[in-house]
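The structure appears right after this line, and notes come after that.
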Amino acid sequence: MSSQVRSIQSSRIRQTFPNRDLALLVASIGVQLVLGLFFGHAYDIKIFMATGYLVATDQDPYILPDLRAVFNNPAFIGLTSIGYPPPWPLILGLTYLLTYAPTHNFLLYNLAIKIPIIIANICLAYLVRDILEKQGANPGISRKAWLFLLFNPFLFYFTTAWGQFDSLVALLTLASLVLLDKGRLSTSAILLALAIALKPTPIPVILAAIVYLWEAPWRRMVRFLLSFSISMFALCVLPFLIFGWDATPILHGWNTQFTVSGGMSLTTLYELTAGTYALPGNWWLLGVLWLPAILIGAYFMQRGNHGLIALLKNSLALILIFFLTRTWLSEQNLALILPIVLILVCLSELPRLAFYAVWILPLIFTIFNTSPAQLLFTIRPDVMAKLLQWAEIYRTPRLWARMLIVIPWQVAGWWMVYYAYRKGLPAPA
């Protein structure tokens, strides 16, 4: 009788938890929909909305005209063109056609831009939980990781409220690494190409993939690189040829982020002392320091297939070296490494402090970067303007505070790089 009771209780538990999980999922989606509807970053959302209109009306999204009349909003003038390759502008064009074109509802268009991002946030939570379960993690730990990503303030702020799509890039990158470990080379290469075509932050993962495939038979690496190259051409070059867009603005601005300082980079100190974030003269060479840095980092990695965890650690190390040696690093870019760090911490491959550093430090940093005020663009632009004026009064203390946050970030970042290498630096082959 007692065994029957236990069986019934177990059955009830199995029935209860899926319903509970569904309620949590719905709650996460609900919160993100509300944030996505009412908030949006003043700079990014304006450019995304304008880009969507231009693509949908067969205009060049890389040349932004005066769009004040289109959106009945005085803020849509003097915008710089979108700086991302074609995939995201094409998504924005489809979003415009489905939402703003038939309704002319500004907030609905704002929310619709966030829908792919919200879907990515949800999928990322499930992908991380699946990886942890297959790596033998405790079910309780896997569930906590799932809950963390479903309700994480970092993702809510930078992706859903702000409108940046770094979590979509993170999802595609992580899925690419999982598929690479499973031997699905072409699919893995296509997903990685799509991630980089959306936003170039996962570029170092190419080297991690090469290190992973650096063993006979060499045709596996050739197949991966060929699939990746064809995909990059189709995603980044072909749209310009098909739609007749002018690539000149992109070609002229290819080194934009190499010639500026700031963000969560040590060069924030230069902005503090010089009063500008533009690097003078040949200082722009500091902007390409990341290239030899990640090449050296890849050279000292253990080559060959050593499993998914080794692949994740190598990818994390190279991405961190890329981030830590850049002269400009936007705080939302850390969403790319958040799921990888979470997985490695849950599997005891990284200290718990690394997990906190990756999402708490950028949240603190963004407060002194005046970003919270700019999220009011869609609902209270008047309040946003007043808050930004107030922030300018305290500009010097804000820059000092930013610098004081960058220092522990640098320490934590290089500390994670060390942990990724700590099992030994094998002699290069």
Side-chain angles (χ1 to χ4, degrees), residues 43-67 70 76 79-101 109 112-113 115-117 119-120 163-166 168-173 175-176 179 184-207 209-210 221-259 287-288 291 336:
Y43 181 78
D44 291 334
I45 286 298
K46 280 190 293 188
I47 292 178
F48 291 171
M49 288 180 169
T51 299
Y53 163 77
L54 293 172
V55 172
T57 54
D58 296 324
Q59 299 183 62
D60 191 336
Y62 295 95
I63 302 175
L64 285 184
D66 182 352
L67 298 178
V70 173
F76 284 83
L79 302 177
T80 58
S81 67
I82 193 165
Y84 301 122
W88 186 243
L90 290 171
I91 293 172
L92 293 173
L94 179 61
T95 303
Y96 178 91
L97 287 174
L98 294 176
T99 56
Y100 194 80
Y109 187 27
I113 289 173
I115 294 300
I117 300 168
I119 294 172
Q164 272 294 344
F165 50 96
D166 293 79
L168 177 56
V169 177
L171 174 66
L172 292 169
T173 302
S176 172
L179 292 174
R184 297 173 60 180
L185 303 181
S186 295
T187 308
S188 171
I190 292 170
L191 289 183
L192 182 57
L194 179 55
I196 294 172
L198 284 169
K199 186 172 285 195
T201 47
I203 283 177
V205 178
I206 302 169
L207 291 177
I210 291 174
M221 183 187 296
V222 172
R223 179 183 169 190
F224 180 89
L225 293 177
L226 185 62
S227 298
F228 175 81
S229 300
I230 293 172
S231 300
M232 287 298 295
F233 177 84
L235 292 166
C236 296
V237 178
L238 205 55
F240 285 97
L241 303 177
I242 294 174
F243 299 107
W245 296 341
D246 184 5
T248 303
I250 296 292
L251 296 176
H252 284 173
W254 71 271
N255 65 337
T256 300
Q257 292 203 1
F258 300 160
T259 59
V288 295
L291 181 56
L336 175 61

In the structure I gave you, are the side-chain heavy atoms of Phe243 and Leu90 within less than 4.5 Å of one another anywhere?
yes

Do side-chain atoms of Ser231 reach the backbone of Ser227 as a donor and acceptor pair under 3.5 angstrom?
yes

Ile117 and Gln164: which non-hydrogen atoms are nearest, and at how many Å?
CD1-O, 3.5 Å

Just by distance, do the side chain of Asp60 and the backbone of Trp245 share a donor-acceptor pair under 3.5 Å?
no

Here the pair of heavy atoms bringing Leu198 nearest to Pro87 is CD2-CB, 3.9 Å

With Phe48, the side-chain contact (heavy atoms from CB on, under 4.5 Å) member among Tyr43, Tyr96, Trp88, Tyr109:
Trp88

Using 0.5 Å steps for rounding, measure from the CE atom of Met232 to the CD1 atom of Ile206.
7.0 Å

Can you list the residues that meet the salt bridge (Lys or Arg N to Asp or Glu O under 4.0 Å) rule with Asp58, with sequence neighbours excluded?
none

If you take the centroid of each ring, where Trp contributes its six-membered ring, are Tyr53 and Tyr100 closer together than 6.0 Å?
no

Over all atoms of both residues, closest heavy-atom pair of Pro239 and Ala234:
CD-O, 3.2 Å

I need the minimum non-hydrogen distance between Leu171 and Ala120, along with the two atoms involved.
CD2-CA, 3.9 Å

I'd like to know if the side chain of Ser176 and the backbone of Leu172 have a donor-acceptor N/O pair within less than 3.5 Å.
no

Partner of Ile82 by side-chain contact (heavy atoms from CB on, under 4.5 Å), out of Leu92, Val55, Leu64:
Leu92

Which heavy atom in Leu67 sits nearest to a heavy atom in Ala50, and how many Å separate them?
CD1-CB, 3.3 Å

Side chain to side chain, Phe240 and Pro86, heavy atoms closer than 4.5 Å:
yes

Can you tell me how far CG of Leu185 sits from CG of Leu225, rounded to the nearest 0.5 angstrom?
10.0 Å

Working to the nearest 0.5 angstrom, can you tell me the gap between Ile113 CD1 and Asp44 CG?
10.5 Å

Taken to the nearest 0.5 Å, the spacing of Ile203 CD1 from Leu192 CG works out to 10.0 Å

Checking Thr99 now: which residues fulfil side chain to side chain donor-acceptor pair (under 3.5 Å) with it, not counting sequence neighbours?
none

Would you please test Phe233 and Leu238 for side-chain contact (heavy atoms from CB on, under 4.5 Å) and show each step?
CA-CA 6 Å; Phe233 177 84; Leu238 205 55; 4.0 Å; yes

Rounded to the nearest 0.5 Å, how far apart are CD1 of Ile190 and CG of Leu179?
10.5 Å

So how far is it from Thr173 OG1 to Leu191 CG, rounded to the nearest 0.5 Å?
9.0 Å

Taking Tyr84 for the side chain and Ala197 for the main chain, is one N or O donor matched with an acceptor at less than 3.5 Å?
no

